[in-house]
Amino acid sequence: MRTLKCSSLGIALAFFTLFAVFAGGAWAEEVVIGYTGPLSGPAAQYGRDCLAGVELAVEDINRAGGIKIDGKAYTFKVASYDDMIDPTAAVNNSRRLVSREKAVAVFNPVFNTIAAMMQINEQRGSEFLMMAYTSTPALDKIPNQLTVAIPPPFAAYAIAFADRAWEKGWRKGAMVVTLGAYGDEWRKEFRRVWEAKGGEITADQPANYYTETDFSSHLAAALATNPEFLLVGGPSDPTGLVIEQAKNLGFKGGFMMVDQAKLNYIVDVTFKGDITKMNNVWGVVRTLDLGVHSETQALIDRFVQEKNIKVPTSENFLNYSAMRILAAAMVKAGTVSDPAKIKAAFNEVLPLPVEDNPIMYVGLQGSRLLVQASIQFIEENEYKTPIQSFWWIDDEKELQRLVDMQPPEHKVHRRILPLEGYVMK
Amino acid sequence: MELFLQQVFNGIMFGSTYAIVALGLTLVMGILHIPNFAHGHLYMLGGYITYLFVATLGLGYWPSLLIAIVVLGFVGIIMEAVVYRPLNEQPHINAFIAAIGALLVLESAVEVIWGPQGMRVPNPYPHTFEFLGIIMSVQRLLVIFGAILLIVLLHLFLKKTLTGTTIEAVAQNREGAMLNGINVNRVSSLTFFISSGTAAVAASFIAPIFVISPAMGAIIGMKAFIIVLLGGMGSIPGAIIGGYFLGLIESLGGGYVSAAYKDVIAFGALIVIFSIKPTGLFGKKEG
């Protein structure tokens, strides 16, 4: 009898020790990462792509055992809400994410909603880190201590496009760009850059890419002014349609796409892999060329297999990177709940090792993460070597330092493109 | 001049789809007094059914179009029987809410099955040519002439066949039609079949030129409502003329003023017409 009692006591003790071990080390607390964005409606695909990027990063981090701070382990969980690009809904969602789910950071991919969220993310007691996936440079003019903008400002693309068009001898361009705050800013910025060079904008026919089904009336009006190139773009699907319709209307010139539209998505989805339909189209770099091919291809494959995404784009990749950087910053800051401290740690953890994140983010300045803005051209039925623009530096030495940080096998052209207001002093 | 003709051509092509979609809506509205807000979503579903048969199952364009008409027709019948008929004797607001429910169900179902991204139906006639300086494509001409043919056929059906005249009879006087031995429920089903079938035709015509997406129904549904109100509730000529009118206004307004003001112009025209003729262009006085 006595031996039995003893052994059961022993077993209980063993269990207790085991539990203690789990609680002390491997027993992980969950950190909630918030996401609010369009998950239904016309922009649903875009919103879901961004969310998938955050989710895959979280799954990867958790699979590797989460993060450890002061010996305590944490795993991540994504809580996502649909805001259908409605600023009021986005604000309500973020309040809910912060108060109920205890989210410390909230991702959002649309400038309109981000601007609204930036009104509340610094309120005392309910602060959160605004993870803003928008290239609209207007964001950088909003004073906010708790915002991290993920993609490069699109002004860098506008200048890179304009420079190349000018080199080609083009002087007249027309614009058929998506309506809304983002598209309006793009048109304004491109007009400013192009007219400063001495070029001419012959027609400006914005169209609502989310609701419009036919662009031929806008295009006919724009093409009647005989432009040498067209600036087009909004979501990828309708952008492909605009390009096709313009070509059908007899347009033989070049196309530039705003950064929301993606070259490889349009080639592979809209035109079912027929690259010939995309000749003379310029856009932001395709997903594969965001980094070294072996690294980017591996991540592309994982998005296809694990997140069921047909054609992964930079929406997936850049949000993935941002989540990886955020997690690393938490470790460095030694906190999962203080957004100011976490943001302050961003610069210390960048760049991340390439196996954690194939995209070369090098730092954070103000609200903007520093990553090169790369453009690419489809000509003669193939993707040409991309051009990387470093928009936050203005000297060769710094460029060389940044180039040395990149893996040598990443084949790109590089240039310094100092953007007003962004150059590091 | 060429630009003007090009815009007129675009406007007529647009107008053709608008006219067909509005025609189906006005039939249901005038005859059954049901505001079928989900009509645009039936159109959207028509596009997806065409996609399913053309792109996924590899059937030809024309057989797929016919299948889409039949499938959509039956979806219409089911919708009438399940969503609207039980509310026949209820206040109108109930049918309004039921219509919005039906619309949400359709949109979410398509989003779940096919996903939110836009999709393309392969174009059976991608050939383009120039005529009088206007660039036309065969598929766009098909939309225009197909719409005319459909309108003529529908007119003949409503005016020259016995079944067609029962629809008109119910429209004119529901009780009177019942007293004459017309099965009103069967007429309701038939009307929904025709209404949804025509929406499917419009969607199948347009699908190869555009991108189909779950959200496309809400936009066209709203426009169809404007057209029906503009032309006069329940008026068939009103829907046809209203459709072409809106198409032309959009394309000329979009081409010459600015696309940003397209909706302003279209809705502005609606307000002006209403302030002059509150029953719509072809509407009859309530009596």
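Every chain is numbered from 1, with letters handed out A, B, ... down the list of sequences.
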Residue [X] versus chain A: region with a heavy atom under 4.5 Å:
{"X": "Ser251(B)", "value": "both"}
{"X": "Met136(B)", "value": "neither"}
{"X": "Phe9(B)", "value": "neither"}

NZ/NE/NH1/NH2 to OD/OE distance under 4.0 Å, Lys252(A) and Glu228(A):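 No, this pair does not count.
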Less than 4.5 Å to any heavy atom of chain B: does that hold for the side chain of [X], its backbone, both, or neither?
{"X": "Tyr46(A)", "value": "neither"}
{"X": "Leu39(A)", "value": "backbone"}
{"X": "Ala220(A)", "value": "both"}
{"X": "Leu241(A)", "value": "side chain"}
{"X": "Ser236(A)", "value": "neither"}

With Asn108(A) as partner, the option from Thr134(A), Ile85(A), Asn93(A), Ile114(A) fulfilling side chain to side chain contact (heavy atoms under 4.5 Å, CB included) is Ile114(A)
Parallel, tilted or perpendicular: which one describes the rings of Phe190(A) and Trp194(A), with boundaries at 30° and 60°? parallel
Can you see which heavy atom on [X] is nearest to which on [Y], and at what distance?
{"X": "Ala239(B)", "Y": "Thr26(B)", "answer": "CB-CG2, 3.9 Å"}
{"X": "Leu23(B)", "Y": "Ile151(B)", "answer": "CD2-CG1, 4.2 Å"}
{"X": "Gly234(A)", "Y": "Val258(A)", "answer": "N-CG2, 3.8 Å"}

I'd like to know whether Arg140(B) forms a side-chain hydrogen bond (donor to acceptor under 3.5 Å, both in side chains) with Ser216(A), so could you lay out the CA-CA distance, the side-chain angles of the two residues, the decisive distance to 0.1 Å, and finally the verdict. CA-CA 11 Å; Arg140(B) 279 169 195 257; Ser216(A) 45; 3.2 Å; yes
At a heavy-atom distance under 4.5 Å, which candidate from Ile206(B), Ile209(B), Ile212(B), Leu252(B) has the highest pair count against chain A? Ile209(B)
